[in-house]
Participant: 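Let me give you the structure first, and then I'll get to my questions.
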Amino acid sequence: MSPVNRHSSLFVYGTLRRGGKRHDVLGQVGAVYVGKGSVAGELFDLGSFPGAIPTDLPARVIGEVYRLPKLKPALKALDEYEGVGPGAVAASLFRRELAEVALENGERLSAWIYWLDHAPRRARRIESGDYAGPRRS
């Protein structure tokens, strides 16, 4: 098993991606880019950021995988950024879970992802599954 498969990976699909307005957060936690990938899910446009929910449908959420060399402090910082966990001031929109990611090269691995805690009522679904791509339905 490669080091990437030891739950030290993170899958991002929104503002944390390269070119995203908060990609700097990954630099602050020492994240190392692994590659592009996707997870089974549906992506929603929540205005200034997206949110994804897991699904059994054939829909995919497109994103990037990063290795977190210092896992515990990185997850703590990311949880704070996402408003998840015991230190959260208010109820979070997100929850952190492990998900199976399919990399572009066909390899599959387990990575942490921040899912929406529940499906949004008034958000438009991003049909392409790619927040960095076209967002029109």
Side-chain angles (χ1 to χ4, degrees):
M1 183 184 312
S2 73
V4 172
N5 289 324
R6 296 190 191 280
H7 307 305
S8 64
S9 296
L10 174 72
F11 178 82
V12 298
Y13 53 82
T15 60
L16 294 175
R17 288 173 66 177
R18 293 181 298 174
K21 64 184 175 183
R22 292 310 317 265
H23 181 69
D24 63 304
V25 172
L26 293 181
Q28 293 168 14
V29 300
V32 178
Y33 180 75
V34 173
K36 293 181 181 179
S38 67
V39 297
E42 294 180 88
L43 189 64
F44 296 90
D45 188 339
L46 302 176
S48 59
F49 58 90
I53 60 169
T55 184
D56 292 330
L57 300 173
R60 304 293 295 177
V61 174
I62 309 302
E64 300 169 347
V65 175
Y66 289 83
R67 185 173 46 81
L68 302 173
K70 296 180 180 177
L71 183 62
K72 285 185 181 182
L75 289 178
K76 181 179 180 190
L78 290 162
D79 283 354
E80 287 175 14
Y81 170 73
E82 298 288 359
V84 172
V89 177
S92 178
L93 289 174
F94 298 96
R95 68 180 189 276
R96 177 170 46 89
E97 292 181 353
L98 286 169
E100 182 180 278
V101 179
L103 293 174
E104 279 187 321
N105 66 7
E107 180 183 350
R108 294 189 177 275
L109 57 86
S110 183
W112 293 105
I113 184 173
Y114 289 89
W115 293 117
L116 278 173
D117 196 41
H118 58 276
R121 290 187 184 148
R122 294 185 175 182
R124 189 182 50 76
R125 182 171 177 243
I126 300 172
E127 296 294 328
S128 69
D130 190 349
Y131 187 69
R135 296 196 204 144
R136 301 239 186 263
S137 296

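Only heavy atoms go into these numbers, but all of them, side chains included; no hydrogens, no water, no symmetry mates.
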Participant: At their closest point, which heavy atom of R60 faces which heavy atom of S38, and how far apart are they?
Facilitator: NH2-O, 2.9 Å
Participant: If you apply the rule side-chain contact (heavy atoms from CB on, under 4.5 Å), what do you find for Y81 with V29, and how did you get there?
Facilitator: CA-CA 11 Å; Y81 170 73; V29 300; over 6 Å; no
Participant: Do the ring planes of F94 and F49 sit parallel (below 30°), tilted (30 to 60°) or perpendicular (above 60°)?
Facilitator: tilted
Participant: Show your reasoning for whether side-chain contact (heavy atoms from CB on, under 4.5 Å) applies to L116 and L46.
Facilitator: CA-CA 11 Å; L116 278 173; L46 302 176; 3.7 Å; yes
Participant: For L71 and S8, work out which heavy atoms get closest and say how close.
Facilitator: CD1-CA, 3.9 Å
Participant: To the nearest 0.5 Å, what is the distance between CG on L109 and CD on E100?
Facilitator: 8.5 Å
Participant: Can you give me the closest heavy-atom contact between E64 and Y66, atom names plus distance?
Facilitator: OE1-OH, 2.6 Å
Participant: Ignoring hydrogens, what is the shortest heavy-atom contact between Y131 and R17? Give both atom names and the distance.
Facilitator: N-NH1, 3.9 Å
Participant: Identify the two heavy atoms, one from S48 and one from K21, that lie closest to each other, and give their separation to 0.1 Å.
Facilitator: O-NZ, 2.9 Å
Participant: So if you build clusters from Ile, Leu, Val, Met, Phe, Trp, Tyr with side-chain heavy-atom gaps below 4.5 Å, do I62 and F44 land together?
Facilitator: no
Participant: Would you check if V39 and W115 make a side-chain contact, meaning some heavy-atom pair closer than 4.5 Å?
Facilitator: yes
Participant: Between atom CZ of R125 and atom CD of E42, what is the distance when rounded to the nearest 0.5 Å?
Facilitator: 4.5 Å
Participant: Taking everything shown except D56 itself, do over 12 heavy atoms lie less than 6.0 Å from its CG?
Facilitator: no
Participant: Give, for atom CG of L43 and atom CD of E127, the distance between the pair rounded to the nearest 0.5 Å.
Facilitator: 10.5 Å
Participant: Hydrophobic clusters here meaning ILVMFWY residues chained together by side-chain heavy-atom distances under 4.5 Å, can you tell me if V101 and Y33 are in one?
Facilitator: yes
Participant: Under 4.5 Å between side-chain heavy atoms, counting indirect links through other Ile/Leu/Val/Met/Phe/Trp/Tyr residues: same cluster for L98 and L78 or not?
Facilitator: yes
Participant: Given side-chain contact (heavy atoms from CB on, under 4.5 Å), test V12 with Y114 step by step and report yes or no.
Facilitator: CA-CA 8 Å; V12 298; Y114 289 89; over 6 Å; no
Participant: My understanding is that only residues two or more places apart in sequence, or in another chain, count here; which of them pass salt bridge (Lys or Arg N to Asp or Glu O under 4.0 Å) with D24?
Facilitator: R22
Participant: To check you understand the geometry: which heavy-atom pair defines the closest contact between L16 and L26, and what is its length?
Facilitator: O-CD1, 3.3 Å
Participant: Does the side chain of I113 come within less than 4.5 Å of Y13's, by heavy atoms?
Facilitator: yes
